[in-house]
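These notes concern the structure reproduced below.
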Amino acid sequence: MTSSTSTAQGGVPAIEFKDVVKRFGDNVVLDQLNFSVAKGDRVTLIGPSGSGKTTILRLLMTLEEANGGLILIDGDPYTHEYKGDRWVEIPEKRRRVVRNRVGMVFQQFNLFPNMTVLENIIEAPVNVLGLKKADAVARAEQLLEQVGMSEKRDFKTNQLSGGQQQRVAIARALAMDPEILLLDEVTSALDPEIVADVLGVLREIAETTDITMLLVTHEMQFAREVSNRVLMFDKGQIVEEADPETMFTHPKHERTQEFLKAVLG
Amino acid sequence: MTSSTSTAQGGVPAIEFKDVVKRFGDNVVLDQLNFSVAKGDRVTLIGPSGSGKTTILRLLMTLEEANGGLILIDGDPYTHEYKGDRWVEIPEKRRRVVRNRVGMVFQQFNLFPNMTVLENIIEAPVNVLGLKKADAVARAEQLLEQVGMSEKRDFKTNQLSGGQQQRVAIARALAMDPEILLLDEVTSALDPEIVADVLGVLREIAETTDITMLLVTHEMQFAREVSNRVLMFDKGQIVEEADPETMFTHPKHERTQEFLKAVLG
Amino acid sequence: SSVDEGSGDGDGGKLASLQESGTVNVAFNGEKPYSYQDDNGELTGATVALDEKIFGELGIDTVEGTLTEWNSLIPGLTAGRYDAVSAGMSILPDRCAQAAFAEPTIMYTTAFLVPEGNPDNLTDWQSLEESDVKLAVTSGAIEDGYAQETDVETITVGSSQDGLDAVVSGRADAFALTGISLRALAEGTDEAVEATDAFVATINGVPQIGAGAEVFNPADTELLAAYNEKLAPILDDPAQWLEIMGPFGFTEAEMPPEGLTAEMLCEGDLEKIATELGLDS
Amino acid sequence: MTENGIWNWEHAWEVLPDLLEGLVVTIEATVVGMAIASILGLFIALAMRSPSRWVTIPLRFVVDFIRMTPLLVQLVFVWLLFSTIPTLVVGFTVLGVHYATYMSEVYRAGIEAVPKGQWEAATALNLPKSRTWRAVILPQAVRNTLPGLGNYAISMFKETPFLFAISVVEMYTKAQQYGALTFSYIEPLTLVGLLFLLVSYPTSLLVRRMEIRLA
Amino acid sequence: MSDFLQTLTSRLPSLGDAILVTLELTLGGAVLAMALALLLGFGARTRSLWVRGPSRVFIEFFRGTSLVVQIFWIFYVLPVFGFKMEALAVGIVALGLNFGAYGAEVVRGSVASVPASQWEATIALNMSWFHRVRRVIFPQAWALMIPMLTNLLIQLLKGSALAYYITLHDVNFWTTQLRRATSETVYSFTAGLLVYFVIAYLLTWGMNALEERAKRRLGRGTRPSLRDVVGLRPAVGTAAITGRGTAA
Ligand SMILES: Nc1ncnc2c1ncn2[C@@H]1O[C@H](COP(=O)(O)OP(=O)(O)OP(=O)(O)O)[C@@H](O)[C@H]1O
Ligand SMILES: Nc1ncnc2c1ncn2[C@@H]1O[C@H](COP(=O)(O)OP(=O)(O)OP(=O)(O)O)[C@@H](O)[C@H]1O
Ligand SMILES: [Mg+2]
Ligand SMILES: [Mg+2]
């Protein structure tokens with residue numbers, strides 16, 4: 001219901017959801033959701049468990065298929081389009097062109113255990129973007145430097161701690177030079193002390209690049225520091241939308257107040 | 001180094017570690033650790049990842065074997081004892097007698113998936129304590145009531161959410177009427193909103209029983225509310241020890257300050 | 001091993017092509033003394049000797065063999081994996097519909113392999129029926145049929161060696177097989193067994209005339225006719241037959257009586273055959 | 001095979017009753033064999049967990065030997081060496097023991113797949129070892145094992161023809177016998193194939209069903 | 001016994017040929033089976049019914065009807081339709097088809113037990129399907145499937161004993177002939193049994209080495225002790241277990 005087709009900056013939004021519907025069986029998770037994210041925006045999604053936050057990111061990564069509506073990246077239809085009045089899937093071939101603009105970091109890192117740290121990072125740049133291997137390695141080393149993992153370059157991924165794995169996963173996503181970076185609770189599988197570490201890396205990326213970021217997190221402190229917009233979800237709908245300061249200090253909606261109370265304790 | 005054989009209340013301590021050594025291969029995790037917990041005490045262990053907190057609980061549950069020293073429960077040697085000057089294992093038969101006084105709740109719940117909720121709870125009282133089945137069921141129902149899970153009595157455990165599973169796991173441990181309850185990060189596998197729920201249950205138990213509790217948690221708020229003593233661990237040693245208020249507001253040791261800063265943000 | 005020679009597409013081209021190549025490939029089951037490999041791996045045996053003679057006269061000088069399982073002999077012939085089966089296979093009415101038999105070359109009698117001393121005193125089929133021995137028979141052999149008709153208790157074995165093992169181990173009291181094979185079997189082993197004298201089994205009052213022959217693919221009619229033509233003089237001349245078969249232990253008793261034809265056996269009226277040949281007892 | 005084409009329905013009908021009779025033996029052998037395999041396999045898997053090398057090393061050797069040598073030979077050996085034991089008993093037992101060696105591996109994997117946390121929970125509840133096995137570990141392990149069990153049943157089903165080596169006549173041998181007597185092999189053997197399929201396919205469906213249910 | 005030894009010795013040269021035939025069948029069959037297993041195993045996982053349907057039919061058919069019957073058809077019936085292959089080729093094809101169908105279930109099961117999150121990571125990195133499988137999924141599934149493939153390989157080796165049925169002279173045939181020549185069932189079979197055991201042992205040994213290598217690639221190497229390498233325990237990967245396609 002409460003739809004939010006906001007963004008001021010003008011120009012084509014980086015991400016746009018138009019009437020997106022997603023069902024799992026009878027369970028309607030997203031019901032005609034509308035929202036958009038402008039280029040360079042850092043948007044945090046918050047909301048209770050099961051409200052559909054992860055689903056939004058997964059739709060953007062084509063890990064799930066929508067049941068209706070349009071998802072546009074830079075104005076280009078991505079997963080489906082309307083041909084006349086028929087809603088049709090866009091073939092994988094065309095999707096792949098658009099998908100290059102989107103990167104994702106997972107809660108469980110999902111590194112490839114059969115490759116070393118370096119191999120994890122250069123695999124896609126070499127084989128998907130067609131970079132020369134030497135160039136990919138150079139870029140990977142630069143990224144490893146940035147996330148503080150240079151000395152683990154040739155380790156197998158399961159020799160790393162969770163925090164280290166997550167830092168490599170971030171480097172791997174960045175190696176594809178995405179315009180949009182999706183982050184789903186990237187710290188919640190980590191030890192509390194290490195969380196700060198990974199968040200530091202992300203904060204630096206947010207400060208030094210102009211990548212559009214869409215992130216789901218329970219670290220309200222982090223959301224506050226990094227994002228310029230917070231969307232509160234409940235039952236697949238945007239309940240409230242504000243800049244972080246306002247959202248965390250003066251939530252308007254009752255559901256938001258309740259939620260923040262439970263999470264912030 | 002810093003050893004702490006404290007406790008004022010007099011009488012035999014519920015738990016006593018004397019010069020306990022634990023190694024994994026070359027990695028010395030606990031090096032001559034000494035500490036004790038008085039009856040009815042609620043002690044929280046905090047400390048960075050890898051400092052040996054879980055190892056202490058696992059030693060107390062005989063899930064690991066110590067490499068040296070004595071562990072006493074109510075003054076009784078539990079896992080090993082000195083015969084003359086030889087350090088010998090206590091046979092399983094004698095251990096079992098002592099072990100009945102100790103219960104444990106795990107981070108990952110570890111419910112038995114082949115049993116219903118009720119069966120999970122009465123399994124040990126019937127087969128270990130030799131309770132009559134009817135009595136065990138009556139007690140189990142009372143406990144399920146207490147943790148708010150009465151209506152899930154006959155569900156299979158995999159039909160429950162994480163928070164519900166953890167509440168059943170708590171009831172299961174309590175059904176054995178332990179004198180000592182060990183809790184290892186019992187909320188860290190749960191969704192943030194649900195954490196409060198489980199902590200509430202534990203708070204109630206702390207208030208209404210006089211079970212000795214030894215808990216590891218990253219929920220400082222909870223540690224503050226429930227425990228009357230906090231031990232800060234680092235590298236298998238107790239670095240600092242205080243009541244929660246003092247510990248969280250005026251940590252003395254530098255390592256503690258650092259740690260609390262990272263965790264509390 | 002097998003060669004892609006025979007093709008079964010018959011209508012007479014087969015004989016010519018065999019003559020041209022000078023080689024015929026026959027399948028055999030490795031059973032002494034019919035057709036088997038000697039210690040040097042050479043193909044030999046009574047039916048092989050006969051084949052060599054007959055095919056030689058047809059201008060086919062080399063007889064090659066394909067050693068295969070009993071149950072593969074006929075499917076392989078049908079599939080054109082070889083040109084004929086040289087294993088002294090019994091001519092039975094049912095079989096005649098599926099394969100073309102040449103004229104009979106060996107008469108079959110039956111015998112028993114028994115523990116040394118013949119504890120059950122088995123001499124012929126009647127003595128067997130009267131005793132309560134457990135008889136081993138080879139799967140699909142005629143003795144299996146006899147046993148079923150006379151309600152003799154049997155166990156079925158896969159090969160003559162299996163039959164021997166069954167008797168030695170006490171799993172069976174006796175093993176029924178053609179006299180010729182049994183003799184070879186008893187001679188080849190050190191075990192404490194012996195073969196009884198061969199006899200013509202009389203089942204329900206009818207003497208069981210059995211005879212074996214070369215088998216051809218039904219499509220190769222010309223080859224069959226040519227084979228039969230060269231076989232006839234040998235069958236007519238006991239001396240010549242014995243000269244060929246004798247070295248492998250065959251005696252005149254195993255020579256088919258005059259007048260016995262594949263056609264008669266294919267019809268399968270044993271009573272009639274017995275009468276015609278004057279064999280009924 | 002002859003003038004009247006390759007397939008003769010008369011032969012097919014004629015041999016079918018024999019084959020069905022043989023199918024009964026085949027199924028009996030599979031059921032009994034599988035019962036032995038699944039129980040003995042479990043005991044082997046349990047014994048292999050023994051801490052004593054005096055148990056595990058010889059057992060490992062015997063199990064490997066049985067697993068790696070042909071069933072046929074094992075059948076014949078036992079049949080000849082223990083000639084007082086009834087043939088069917090030998091056949092079913094050897095079949096069962098042979099497959100028990102395969103099954104033991106499935107069980108081992110099934111037991112190892114029970115999460116360590118289950119053992120720890122049992123210790124924390126102070127359950128005795130025997131009760132832990134019976135009430136906690138085995139129920140979970142066996143459930144893990146069911147699909148494997150089904151697959152081996154299908155495979156055992158098709159190895160029953162080896163029983164003929166010790167004179168047990170089942171479906172395949174019946175077909176060969178009919179072929180030997182009539183020289184008609186195609187009909188009986190094809191029917192054998194179809195009958196195998198007729199029993200295997202539902203079993204396989206069942207197995208995949210369980211696989212989905214337990215996934 | 002001494003007679004037996006004499007005959008045995010005189011037949012040893014032909015044992016070499018027999019072993020060669022058995023190895024040709026086993027290895028040829030295994031290569032074909034593996035190729036088919038991959039094709040069908042992935043085929044049975046596709047979303048397209050046009051690929052999945054035929055794959056499943058093929059798998060069920062060749063698992064469901066037995067190896068002997070398949071060999072019979074290929075060797076003895078197909079020629080009637082004018083389709084004739086060399087005996088060795090028939091043996092390899094039949095073993096390949098039959099065990100390929102079993103193997104397909106192993107492949108399918110192992111691929112299914114590679115965590116879905118790994119597929120998701122490859123999508124997030126925008127890899128093509130073939131690239132995903134070749135570089136990420138298969139290397140992980142491979143470590144899981146080897147133990148079950150080892151079992152299949154042993155069964156295939158034993159299945160190759162049907163060679164005699166199609167006129168090939170393999171180890172089984174050699175054993176049968178030895179038995180006929182000597183009338184010594186127990187000794188002859190023992191000889192054959194040992195030959196099979198040695199071959200199976202060597203194959204298992206090789207497969208264990210492969211498994212070790214695959215695991216080390218995943219950083220799960222157990223640094224093989226001598227006993228691991230020599231021992232024959234087909235260390236079934238636990239996730240692979242339980243017959244998700246455990247073949248045979
Ligand atoms: N694969 C699936 N099959 C069926 N239902 C699903 C599936 N994935 C998600 N759902 C359902 O969709 C709803 C939204 O799930 P989603 O994971 O997007 O929530 P979320 O907001 O990310 O929650 P959390 O904070 O717990 O991660 C939930 O009700 C969930 O049960
Ligand atoms: N089974 C094991 N084998 C080898 N080393 C182990 C094992 N279990 C624990 N360790 C090591 O022992 C040390 C202490 O581990 P422990 O789990 O007790 O730490 P912890 O304080 O509970 O940490 P966390 O907060 O991450 O749970 C760590 O260095 C760990 O790597
Ligand atoms: Mg989520
Ligand atoms: Mg811990």
Side-chain angles (χ1 to χ4, degrees), chain C residues 8 10 29 69-80 85 87 89-101 134-145 148 154-159 161-173 175 191 215 217-219 221 266, chain D residues 1-15 18 21-22 25 72-73 75-91 161-190 192-193:
Chain C
N29 180 38
E69 254 192 320
W70 176 259
N71 279 312
S72 325
L73 290 171
I74 297 302
L77 182 66
T78 315
V85 177
M89 295 183 99
S90 285
I91 308 173
L92 297 175
D94 280 339
R95 292 176 171 179
C96 295
Q98 308 297 323
F101 283 96
K134 186 188 257 185
L135 183 71
V137 291
T138 359
S139 170
I142 27 178
E143 295 80 13
D144 194 4
Q148 277 172 30
T154 58
I155 68 171
T156 318
V157 295
S159 67
Q161 180 65 40
D162 289 336
L164 170 66
D165 288 342
V167 172
V168 172
S169 69
R171 290 275 177 191
D173 303 306
F175 173 40
E191 305 288 353
V215 189
N217 192 312
T221 44
C266 279
Chain D
M1 279 185 135
T2 56
E3 301 77 45
N4 39 14
I6 157 159
W7 182 266
N8 184 329
W9 281 106
E10 264 172 52
H11 289 145
W13 288 122
E14 192 179 23
V15 72
D18 277 0
E21 206 176 295
V25 179
L72 177 106
V73 178
L75 282 166
V76 172
F77 270 22
V78 177
W79 193 59
L80 292 180
L81 295 181
F82 304 93
S83 58
T84 49
I85 304 175
T87 301
L88 278 185
V89 175
V90 171
F162 285 124
L163 290 178
F164 178 54
I166 58 168
S167 87
V168 174
V169 178
E170 45 55 69
M171 179 163 64
Y172 174 74
T173 309
K174 288 267 188 196
Q176 292 288 29
Q177 285 179 353
Y178 182 85
L181 279 173
T182 64
F183 284 5
S184 303
Y185 285 92
I186 292 191
E187 296 85 358
L189 284 175
T190 305
V192 165

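Naming: A, B, ... by sequence-line order, numbering from 1 per chain. A quick note: this is a predicted structure, and the numbers were derived from the prediction, not measured.
- Among all heavy-atom pairs drawn from D/W79 and C/A166, the shortest one is CH2-CB, 4.2 Å.
- No side-chain donor-acceptor contact under 3.5 Å links C/S169 to the backbone of D/S83.
- No side-chain heavy atom of D/Q177 sits less than 4.5 Å from a side-chain heavy atom of C/N71.
- When each of C/I142, C/D165, C/D162 is checked for heavy-atom pairs under 4.5 Å with chain D, C/D165 comes out on top.
- Of the listed residues (D/V169, D/T87, D/T84, D/L81), the one with the most heavy-atom contacts under 4.5 Å to chain C is D/T87.
- For D/F82, the part lying under 4.5 angstrom from a heavy atom of chain C is the backbone only.
- Contact annotation: the side chain of C/Q98 approaches that of D/H11 to within less than 4.5 Å [non-hydrogen atoms, C-beta and beyond].
- For C/S90, there are no side chain to side chain donor-acceptor pair (under 3.5 Å) partners, not counting sequence neighbours.
- The greatest number of non-hydrogen atom pairs below 4.5 Å with chain D, out of C/S159, C/G170, C/S139, is found for C/S139.
- A donor-acceptor distance shorter than 3.5 angstrom exists from the side chain of C/R95 to the backbone of D/A180, with no hydrogens or angles considered.
- Between D/F183 and C/M89, the shortest heavy-atom contact is CZ-CE, 3.3 Å.
- In terms of heavy atoms, D/S167 sits closest to C/T156 at CB-O, 2.7 Å.
- Here the CD1-CD1 distance, from D/I186 to C/I74, works out to 12.5 Å after rounding to the nearest 0.5 Å.
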